[in-house]
Amino acid sequence: MFVQLDDSSVLYRQVYDSVRRAILEGRLPARERLPSTRSLAMELGVSRRTVLLAYDQLLAEGYIVGKVGSGTFVAPELPDSPFLGPSSDKRAATRSAPPRLSRYNRRLVSNPPVPPPGWTLDREPLRYDFSYGQPAVDWFPQDVWRRLIVRSLRTPSLGLLGFTPPEGFAPLREAIAKYLRHARGVDCTPDEVLIVGGSQQALDLAARVLLDPGDRVALEEPHYQGARQIFLAAGAKLIGLPVDAEGLVVSEVAVRARGARLMYITPSHQFPTGATLPLPRRLTLLEWAERADAYLLEDDYDSEFRYSGRPVAAIRGLDRAGRVIYIGTFSKVLFPALRVGYLVLPPVLVRPFIAAKFLADRHTPTLEQQVLADFIKEGHFERHVRRSRTRAAARRAALLLALRDHLGDRVSVSGADAGLHTLVWFRDVPNTRIPGLVQRAAAAGVGVYSVAPYYLKPPRRGGLLLGYASLNERAIRQGICILASVL
Ligand SMILES: Cc1ncc(COP(=O)(O)O)c(C=O)c1O
């Protein structure tokens, strides 16, 4: 009997699944006559309607032919050899063999990403997790956001529900251009702003639009690994440029970066060392880009957080030759799940980037864009930035104090003037001992993260990245105290 019933799902679905499976496995061969609906229903102890429904579905999908009532047969054109089942070993073997993947994918999997801290979902959350890369999401004014969403949905225009322009929602592009002008010294028009799904998509589009396999891309050493992965997957050849306490060492650029099409940089807060690139170096980079006919890809990922001195204006604000592609994101200042970022493009690159964005995903979700535009225009964004900066400054101060009290001269701290993380270098712990330290710290409930994955060539000294936004001051002090005892 080819139909077995249990109480796993509705009866007609079970009859349909059993007959279909019997056909695909060759137990019911082509042209075989099926029992009548009446006799099958009697045999199974179900209503005739149940069997009729199952046969109708099989007829509609082409597994069986004939007229219900005057004989039903397995469709004659089905192949003789069974499609599923034990006798189709060869096909099964093909199915379990590794799939044939593109070169792009092979390059991608041979350079796996560093999972952002806190991503290991199978791990118990750590009590003192110095994870970096995101703000304290509980600072976000969810009540305001909820109100704005409800307001947008109360009067949804038809435009909000259909496709919207790939370059982004016009009021959001205007709000961003205005914000960048006064906060980042970037003088751009809304037409030069392209809304994307976070900086990660901005980087991906840049690689698609500007790179061919074999092209050279220069980047800081160390650098943001998410960018490195994109360039490697695109088939680029990477050139690592040294970084010192002031950021990228520009004196090396002319020689080492020869032939590069693109240079990826984080001048406002070098990732991960935290250095801020001084003005003369910025001007040297602009000169180089113009001479080399290359683009500077400026990733300004967390410049809203600066604790001493005035924020340094973005390189894009100094660019007169259309050589800078500026990337900004709301991940660090609002919340990363929003997945909204933006590019500010030189005018000649606007159309090519819009074309790539349209192909990738048509456009960034419109409701989020509309709500974000209102959030900025109505002053909530600036208020939130001010509040977050004050709170982050208090946590940063607590971390610096705890490091001084518990680790003293054993460490030197780099890049604490801006951003939401700091880099701690050990004087007496080599990089080879960092994985053990990270493990022991985790066993004691403290999450700390090695800086080594952000290098092409790992450093000799041991270094840890400590994010401080998500822990309160007390937890920061306790966490560092435990880290010191683990050491
Ligand atoms: C330097 C840097 N750039 C870009 C990103 C990606 O941010 P987004 O969430 O906007 O894709 C990150 C994320 O951690 C980052 O650290």
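This structure is a prediction, so every number in the text was calculated from the model and none was measured. Whatever order the structure lists them in is the order used to number ligands and atoms, beginning at 1. Basis for what follows: all heavy atoms, side chains included, without hydrogens, waters or symmetry-related copies.
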key: Test salt bridge (charged side-chain N to carboxylate O under 4.0 Å, His left out) applied to E192 and R316, R181, R351, R173, the passing residue   =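 Passing option: R316.
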query = For atom 16 (O) of ligand 1, which of Y224, F335, Y132 has the closest heavy atom?
reply =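 Answer by nearest heavy atom: Y224.
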Option whose closest heavy atom lies nearest to atom 4 (C) of ligand 1, chosen from D302, D299, L420, L338 = D299
Ion pair check, [X] and [Y], cut-off under 4.0 Å:
X	Y	answer
R261	D293	no
R281	D244	yes
D361	K357	yes

Ligand 1-proximal atoms of [X], by part, heavy-atom distance under 4.0 Å:
X	result
K332	side chain
Q201	neither
S199	both

State the atoms of ligand 1, each with its element, that fall below the 4.0 Å cut-off from a heavy-atom position in [X].
X	answer
T329	8 (P), 10 (O)
R339	8 (P), 9 (O), 11 (O)
S331	8 (P), 9 (O), 10 (O)

key: Qualifying residues under side chain to side chain contact (heavy atoms under 4.5 Å, CB included), relative to R427, sequence neighbours excluded   =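 With neighbours one apart ignored, the set is S412.
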key: Sequence neighbours excluded - side-chain hydrogen bond (donor to acceptor under 3.5 Å, both in side chains) pairs with any residue from residues 204-222   = D204-R208, E220-T266, E220-Q270
